[in-house]
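Notes follow once the structure below has been shown.
Residue numbers begin at 1 in each chain, while the letters A, B, ... track the order of the sequences. Note that the structure is predicted; figures quoted are calculated from it, not measured.
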Amino acid sequence: MKPHNFDYYRPDTIDEALSLLAEGGDEVQVIAGGQSLMAMLNLRVVMTDALIDISRLAALSYCREIDGCLEVGAAVTQAELLHHPGLAEIQPLLAKALPNVGHFQTRNRGTVCGSLAHADPSSELPLCLALLEGEVVLRSATGERRLRAAEFQTGMMETARRPDELIVAARFPVALPGAGYSFAEVTRRHGDFAIVGLAGMAHNGHIRLGVGGVADGPAVREWRLKPDQCDDVLNAFAWDMEGVDDIHATAQYRRQIVRRLGRKVLEEAGHAQTR
Amino acid sequence: MLKLGKAGRHEVKFTLNGRPVSGWASARMLLSDFLRQELGETGTHVGCEHGVCGACTVRVENRAVRSCLYLAVQADGLNIQTVEGLAGDDGELNALQRAFRKHHALQCGYCTPGILMSLTDLFDRTPNPDRAQIEDVVGGHICRCTGYAGIMAAALEVAGQPQQ
Ligand code: FES
Ligand code: FES
């Protein structure tokens, strides 16, 4: 199908984008890579009065390390982050998760922040941000605020972004010294939406597991246990998320993935520790 | 700032396969439709129109992307490459296209232009990709005819990798 009619704005500066958002409010949509939004416009699941295209804003096309975080500007594509020099050392979880985000062709266009904005419960980047306890940087004509991942993603495809705010960057904490990270997911076909995605971290006698695709958004738990002692807590975690049956998998199957693959992911994170 | 209204059509100019081209598009017109309907370049195919099948894949600024998830007005001023740009001026197929013919990597050919553009992107950036890298790229396409074996064989040959 084809999108319905909208105005198209391509601001040259962040401030121009912010004033468009201040005027437009609910009636306008920001587009960066558009790898989710364009599909939804084509299917007319989303209708909008205007699109504000930030994909060419050079001021949002950067990755930098700041305050112990890798800050990724809103125009940075998933492919650009995947090929960021030294990513596997800076934050191994991103290096492991990004090849699972969509396909080669959609990573070439889809942005990191766009995936966070879309807030699909099964998508990989919101899961990574939640596991790492990263932040989203939001700016409006009146100021800037930073929200922690758990504050930002409020539900299934719902975020705390106000209509006048632009996501300008995401901040992924860099790897903790000695920590191990791992990622795995179950999909029908590599690159499709994950049925369940799992991100693990092991550090200083603690293990942490993030799960996407079961609850309304990423769920994260941490325990002071060894990976081979976690069967009971994983079982409890799997039930607590209250997953439901859908066309892709039953709730029971999802619980089983959390128990089995969850343990494997935590073991891998344990092995990946360097001290 | 560029402001294009929902009413009316806007001039879009870009470089297509090395030549400057121009046409008129409403703000909502997809790049895939602009290529096919406005420019008459029907080598780019349209399957699903929501980013899943890969038939519409073209290169924008050398990156393989879905032209059904790209607005024509977003392509203004950029460098676009489509399947029409692969063969030489004399119509001679390039090495990848010849390998596709040799290995029966196409039957109906509907998926083929998109797959060729994705693989062209891969080979440009990764001269000798391994099987896993090729699978990652081909995995972004749906082919209902070939079962993918011929496509893999053709790509592996061009990559200089063993067929098995
Ligand atoms: S037509 Fe664009 S991906 Fe299917
Ligand atoms: S050759 Fe027919 S769909 Fe691929």
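- For a residue to count as touching a neighbouring chain, one of its non-hydrogen atoms must lie under 4.5 Å from one of that chain's; by this rule B:Thr57 touches chain A with the side chain only.
- With A:Asn108 contributing its side chain and B:Ala64 its backbone, the two residues share a donor-acceptor pair below 3.5 Å.
- Looking at B:Arg125, only its side chain comes within 4.5 Å of chain A, counting heavy atoms on both sides.
- With a 4.5 angstrom heavy-atom cutoff, B:Val52 touches chain A via backbone and side-chain atoms both.
- Judged by the 6.0 Å distance and 45° axis criteria, B:Lys3 is positioned over the aromatic ring of A:Tyr9.
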Practice problem: Show your working on salt bridge (Lys or Arg N to Asp or Glu O under 4.0 Å) between A:Asp7 and B:Arg28 and close with a plain yes or no. | Solution: CA-CA 8 Å; A:Asp7 295 331; B:Arg28 67 179 181 135; over 6 Å; no

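- Residue B:Glu135: no heavy atom, backbone or side chain, is found under 4.5 Å from chain A.
- A distance-only check finds a donor-acceptor pair linking the side chain of A:Arg10 to the backbone of B:Val73 [under 3.5 Å].
- Using a 4.5 Å cut-off between heavy atoms, B:His141 touches chain A through backbone and side chain atoms alike.
- Contact check for A:Asn42 versus B:Leu69: side-chain heavy atoms found under the 4.5 Å cut-off.
- In this structure, the separation between NE2 on B:His10 and OH on A:Tyr8 is 11.0 Å, given to the nearest 0.5 Å.
- The environment of CG in B:Asp89 is sparse: at most 12 heavy-atom neighbours from other residues, nucleotides or ligands sit within 6.0 Å.
- Taking both residues in full, the closest heavy atoms of A:Phe104 and B:Ser118 are given as CE2-O, 4.0 Å, listed atom of the first, atom of the second, then distance.
- At least one side-chain heavy atom of A:Lys2 sits less than 4.5 Å from a side-chain heavy atom of B:Glu49.
- Among B:Met1, B:Met29, B:Arg66, the residue with the largest count of heavy-atom pairs under 4.5 Å with chain A is B:Met1.
- Relative to the ring axis of B:Tyr70, A:Arg109 places its NZ or CZ within 45° and under 6.0 Å from the centre.
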What do the steps show when you test A:Gln105 against B:Met117 for side-chain contact (heavy atoms from CB on, under 4.5 Å), and what is the final call?
CA-CA 10 Å; A:Gln105 299 82 359; B:Met117 298 321 291; over 6 Å; no

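- Taking the side chain as every heavy atom from C-beta outward, A:Asp12 and B:Leu2 never approach each other to under 4.5 Å.
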**Item:** Verdict with reasoning, A:Arg107 to B:Asp136, per side-chain contact (heavy atoms from CB on, under 4.5 Å)
**Value:** CA-CA 12 Å; A:Arg107 290 194 296 273; B:Asp136 182 46; 2.9 Å; yes

message: The test is side-chain contact (heavy atoms from CB on, under 4.5 Å); show your working for A:Met38 and B:Leu30 and say whether it passes.
response: CA-CA 9 Å; A:Met38 278 304 304; B:Leu30 303 176; 3.5 Å; yes

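- Contact count versus chain B (heavy atoms, under 4.5 Å) is highest, among A:Thr13, A:Asp49, A:Thr77, A:Leu37, for A:Asp49.
- For the side chain to side chain donor-acceptor pair (under 3.5 Å) condition, the pairs that include at least one residue of residues 95-115 of chain B, sequence neighbours left out, are B:Lys102-B:Glu157, B:His103-B:Glu157.
- Between chain A and the options B:Val46, B:Leu122, B:Val60, B:Asp76, heavy-atom pairs under 4.5 Å are most frequent for B:Asp76.
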